[in-house]
Engineer: 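Quick one: this structure, given as structure tokens, is what I'll be asking you about.
Here is how names work: the chains are called A, B, and so on, in the same order as the sequence lines, proteins then strands, and each is numbered from 1. We use all heavy atoms of the structure for the numbers below, so side chains are in, but hydrogens, waters and symmetry mates are not.
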Amino acid sequence: MTSLAVELTAVAQAAFAAEGLSPELGVVQISDRPDLAQFQCNGALPAAKQAKANPRAIAEKIAARLKTNPLFAKVEIAGPGFINLDVTDAALESRVGAAAKDTRLGAPQAGTGKAAVIDFGGANVAKPMHVGHLRSSVIGDSLQRLFRANGWNVVSDVHLGDWGLQMGQLISEIGHRGLAPIYFDPNFTGPYPGESPVTMDDLEEIYPAASAACKADPARLEEARKATAELQAGRHGYRALWQHFFAVSRIGLEREWGSLGIHFDLWKGEASVEPLMAPMIEDLNARHVAEESEGALVIRVARNGDKKEMPPLILVKSDGAVLYGSTDLATIVDRVRSQNPDLILYVVDQRQHQHFEQVFRAARKAGLNGKAELEHAGFGTMNGPDGKPFKTREGGVMKLYDLIAMVTEEADKRLTEAGLGADYSAEERASIAKMVGIATLKFADLSNYRLTDYIFDLARFSKFEGKTGPYLQYAAVRIQSILRKAAEEGHKTGAPVVRSAEERKLALQLLSLPDVMTTAEERRAPNMLCDYAFTLAQEFSRFYSEHHILSEADTALRAARLGLCELTLKTLSKVLDLLGIEVPARM
RNA sequence: GACCCCGUAGCUCAGUUGGAUAGAGCAGCGGUUUCCUAAACCGCAGGCCGCGUGUUCGAAUCACGCCGGGGUCGCCA
């Protein structure tokens, strides 16, 4: 199944071809001017340019051909040569009817047979997640849902930060405090205790302290670097300590992502490719892809045409430790071996764009990426109300679970104010508040275009009016309520009919789902799904306020309207699901 | 300094592989409830699309140059 616009495009392309013009000019899209028409085709203008002819004359010829097709209720030429198109209500009804029967609601399956690895989340071991991790998690999760819905075989990988300098900082800080001396005793041969010497709470306190100490004192930084190199070189006590950090952190991280409804197929990290590192470096050396420079082993990635200075990727530092560029490269090797993907997509802060450019160039130069296209889908920073970014490493930032608690509490307050759910059980109330809170948070984040920075304004996030997640949940809940009542009263659901202006606009919006899924995937832009969902909910609200449904006396009409409600609910729920937003049974 | 991202309504943001009269939400003003959830719906008002030049039949969109904000630029992630 395809969208109506895609179907009309095929018709128009045939008309262009029949006139001896390039068929690719016959693209039909949803009209920019809904007051004039439902769809438009602008192809006559570029065609005129190519053929050096009058655009209006070309449009006339195309229009004459389109008019013979019974699909169209209206074919008009406007302005310099725009072709405006309306389809018949019967055509809308048959497409809507077909969509209602399609379990995928017409979702495009262009990704069938293709595999993608999506790398997002990227939290660090031993550090609590903060609001800065929200974007990667929420955007990445939406993309994995979208790619899957479009037929891709997706493997998501959390790619934890667990092998770099921060590990050495933690280890040396713990050494300084004398918290777990046996892990530092070179004569101890093990086994090490199964119980972690530190809790997550301990780590949350130790890391900022370690980071501050290294900042203030170069000797401490040097110590941390040494510990990092020793950890990577395989020092037993450090490895054992690292295992504890990882295990303790994972529990907290799983809980947190779990509460956001975000799941990863793989819980790998930088450290997980450690066994691949030595052979990879050996190979790169042997093939002279890597070279020595200033005591480090690097891969040169600069090119002649570069506008910008492109420093080499440093594989091995002069002290013997590897960096995250090295683990990123080894991770590509790992992914190509295990998934052989067509695409590896990195949903990581835009500030790391250059880093990824280096890694991608190095991977291609070394021929490590197989058939995979490597792509960085960056995102802008989340700023505070003062317009400055939330701090990421200095501590004192708002933690993600505190934020979730806040939006949940706010949602609960709002439910009370609205007098909703007063007679629900405490459990259901809490569950609704949680879903509404999460929806508030996710929708606010996703509705901004990826690359732009946005202001994280808690007051605004918590508002439930207008273009917000809760508005969408509310719209879905109202439809559920209607359908539930219809079922209770024994009313049948029938094939939707399209008669009124509201029904027509709602039907058109429903039928454009495949278009938005396609473009949102191509652009890696969940904000397009947000727009779609909001418009759909608005169209439904308009329809709802203008038409009686349950109280409609004409049984056939009532059934048809219930059918439209049902398809709207399925579609809205589907798009909300792509955004990672759940709909409560009632509100 | 070089390069990257951004600059659109009072505020927060869509729209940017060139197309008709630049959209939405919030805030403001005015309406709608004997009726399926008013967290809603309808209407009004609000704009040298940062500035300039250029390419084009046509520019918020492309090119070049400025201005302003943010970011990055070899051993952190």
Engineer: Just how far, in rounded Å, is P of B:G71 from NZ of A:Lys308?
Structural biologist: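 These atoms are roughly 14 Å apart.
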Engineer: Determine the contact category for A:Ser481: base if any of its heavy atoms lies under 4.0 Å from a base atom, sugar-phosphate if only primed atoms, P, OP1 or OP2 are that close, otherwise nothing.
Structural biologist: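 Answer is base: heavy atoms of A:Ser481 come under 4.0 Å of a base.
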Engineer: Report the nucleotide, chosen from B:G25, B:A38, B:C76, that has the shortest atom-to-atom distance to any side-chain atom of A:Leu323.
Structural biologist: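 The closest nucleotide is B:C76.
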Engineer: Any side-chain donor-acceptor pair under 3.5 Å between A:His133 and A:Asn124?
Structural biologist: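 No, because no side-chain N or O of A:His133 sits under 3.5 Å from a partner of the opposite role on A:Asn124.
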Engineer: What's A:Gln354 touching, base or sugar-phosphate or nothing? Going by heavy atoms closer than 4.0 Å.
Structural biologist: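 The residue A:Gln354 makes sugar-phosphate contact but no base contact.
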Engineer: Looking for any heavy atom pair under 4.0 Å, which part of the strands does A:Val298 touch: base, sugar-phosphate only, or nothing?
Structural biologist: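 Counting heavy atoms under 4.0 Å across all strands, the contact made by A:Val298 includes a base.
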Engineer: Are A:Asp328 and A:Tyr346 linked by a side-chain donor-acceptor pair shorter than 3.5 Å?
Structural biologist: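 A:Tyr346 and A:Asp328 do not have a side-chain donor-acceptor pair below 3.5 Å.
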Engineer: If pairing requires Watson-Crick or G-U wobble contacts with both distances under 3.5 Å, which nucleotide is the partner of B:A40?
Structural biologist: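 Paired with B:A40, as far as the under-3.5 Å criterion goes, is B:U32.
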Engineer: Would you measure the distance from the C1' atom in B:U33 across to the matching atom in B:A38 and give it in whole Å?
Structural biologist: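 After rounding to an integer number of Å, I get 7 Å for this pair.
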Engineer: So what's B:A2 paired with, Watson-Crick or G-U wobble, going by both distances under 3.5 Å?
Structural biologist: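 Paired with B:U72.
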Engineer: Verify whether one side chain among A:Thr381 and A:Arg135 offers a donor that lies under 3.5 Å from an acceptor in the other.
Structural biologist: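 A:Arg135 and A:Thr381 do not have a side-chain donor-acceptor pair below 3.5 Å.
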Engineer: So what does A:Asp349 hit on the nucleic acid, given a heavy-atom distance under 4.0 Å: a base, only sugar-phosphate, or nothing?
Structural biologist: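 A:Asp349: no heavy atom of the nucleic acid under 4.0 Å.
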Engineer: Just N and O in the side chain of A:Ser545: are any of them under 4.0 Å from OP1 or OP2 of B:C36?
Structural biologist: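 So the side-chain polar atoms of A:Ser545 never come under 4.0 Å of the phosphate oxygens OP1 or OP2 of B:C36.
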Engineer: For A:Lys74 and A:Gln38, which I'm curious about, is there any donor-acceptor pair between the side chains at under 3.5 Å?
Structural biologist: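 Checked: A:Lys74/A:Gln38 side chains show no N/O donor-acceptor pair below 3.5 Å.
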Engineer: Can you tell me which nucleotide in B:A77, B:A39, B:C75 comes closest to the side chain of A:Leu415?
Structural biologist: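 From the listed options, B:A39 comes nearest.
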Engineer: For A:Gly79, answer base if it contacts any base atom (sugar-phosphate contacts may also be present), sugar-phosphate if it contacts only those atoms, and nothing otherwise; contact means non-hydrogen atoms under 4.0 Å.
Structural biologist: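 Touches nothing.
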Engineer: Which part of the nucleic acid, if any, lies within contact of A:Lys467, taking any heavy atom under 4.0 Å across all strands shown: a base, the sugar-phosphate backbone alone, or nothing?
Structural biologist: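 Sugar-phosphate only.
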Engineer: Identify the nucleotide, in any strand shown, that forms a Watson-Crick or G-U wobble pair with B:G65, with both distances under 3.5 Å; if there is none, say none.
Structural biologist: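 When the pairing criteria are applied, B:C51 turns out to be the nucleotide that pairs with B:G65.
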Engineer: When the distance from CD of A:Glu222 to C1' of B:C76 is rounded to whole Å, what number comes out?
Structural biologist: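 To the nearest whole Å, that distance equals 13 Å.
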Engineer: For A:Ile549, answer base if it contacts any base atom (sugar-phosphate contacts may also be present), sugar-phosphate if it contacts only those atoms, and nothing otherwise; contact means non-hydrogen atoms under 4.0 Å.
Structural biologist: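 If one applies the 4.0 Å heavy-atom cut-off, A:Ile549 turns out to touch a base.
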Engineer: Give one of base, sugar-phosphate or nothing for A:Arg561, where a contact means two heavy atoms less than 4.0 Å apart.
Structural biologist: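 The residue A:Arg561 makes no contact with any strand.
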Engineer: Quick one: label A:Phe82 by what it contacts on the DNA or RNA (base, sugar-phosphate, nothing), any heavy atom closer than 4.0 Å.
Structural biologist: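 Touches a base.
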Engineer: Classify the nucleic acid contact of A:Ile314 as base, sugar-phosphate or nothing, counting any heavy atom under 4.0 Å across all strands shown.
Structural biologist: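 Touches a base.
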Engineer: Report yes or no: is there a donor-acceptor pair, N or O only, under 3.5 Å between the side chain of A:Gln40 and the base of B:A20?
Structural biologist: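 Looking at the base of B:A20, it does pair with a donor or acceptor on the side chain of A:Gln40 (distance under 3.5 Å).
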Engineer: Would the base of B:A39 count as contacting A:Tyr474 through its side chain, where contact means a donor and an acceptor less than 3.5 Å apart?
Structural biologist: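 Answer is no: no donor-acceptor pair is held.
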Engineer: Whom does B:A24 pair with, Watson-Crick or G-U wobble, provided both distances fall under 3.5 Å?
Structural biologist: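 B:U12 - that is the nucleotide pairing with B:A24, both distances being under 3.5 Å.
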Engineer: Name the orientation class of the two ring planes belonging to A:Tyr324 and A:His355 (parallel below 30°, tilted from 30 to 60°, perpendicular beyond 60°).
Structural biologist: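 Correct class here is parallel.
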Engineer: Just to confirm, is there a sub-4.0 Å distance from OP1 or OP2 of B:C5 to any side-chain nitrogen or oxygen of A:Arg351?
Structural biologist: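 False: A:Arg351 side-chain N/O out of range (4.0 Å or more) of B:C5 OP1/OP2.
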Engineer: Describe the nucleic acid contact of A:Ser318 in one word from base, sugar-phosphate, nothing, applying a heavy-atom distance below 4.0 Å.
Structural biologist: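 Base contact - A:Ser318 has a heavy atom under 4.0 Å of at least one base atom.
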Engineer: Do the side chain of A:Asp328 and the base of B:A77 come within less than 3.5 angstrom through a donor-acceptor pair of N or O atoms?
Structural biologist: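 There is none.
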Engineer: Does B:A59 have a Watson-Crick or wobble partner in any strand here, with both distances under 3.5 angstrom, and which is it?
Structural biologist: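 In the structure as shown, B:A59 has no Watson-Crick or wobble partner.
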Engineer: Is A:Ser293 side chain donor-acceptor paired with the B:G74 base, going by distance under 3.5 Å alone?
Structural biologist: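 By the distance-only test, yes, there is a pair.
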Engineer: Counting only side-chain nitrogens and oxygens, does A:Lys317 get under 4.0 Å of the OP1 or OP2 atom of B:G74?
Structural biologist: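 Checking B:G74 against A:Lys317, no side-chain N or O comes under 4.0 Å of OP1 or OP2.
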Engineer: Just checking A:Leu313: base, sugar-phosphate only, or nothing, at a heavy-atom cut-off of under 4.0 Å?
Structural biologist: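 No contact at all - A:Leu313 keeps every heavy atom at 4.0 Å or more from the nucleic acid.
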Engineer: Between the base of B:C35 and the side chain of A:His548, is there any donor-acceptor pair under 3.5 Å?
Structural biologist: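 Under the 3.5 Å cut-off, the side chain and the base do form a donor-acceptor pair.
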Engineer: Pick the P atom in B:U17 and in B:A45, then give their distance to the nearest Å.
Structural biologist: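 Here B:U17 and B:A45 have their P atoms 31 Å from each other.
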Engineer: Under 4.0 angstrom, heavy atoms only, what part of the nucleic acid is A:Tyr449 near: base, sugar-phosphate, or nothing?
Structural biologist: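 Sugar-phosphate contact only.
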Engineer: Just to be sure I understand the rule, does A:His547 reach a base, reach only the sugar-phosphate, or reach nothing, if contact means heavy atoms closer than 4.0 Å?
Structural biologist: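 The answer is base, as A:His547 lies within the cut-off (heavy atoms under 4.0 Å) of a base atom.
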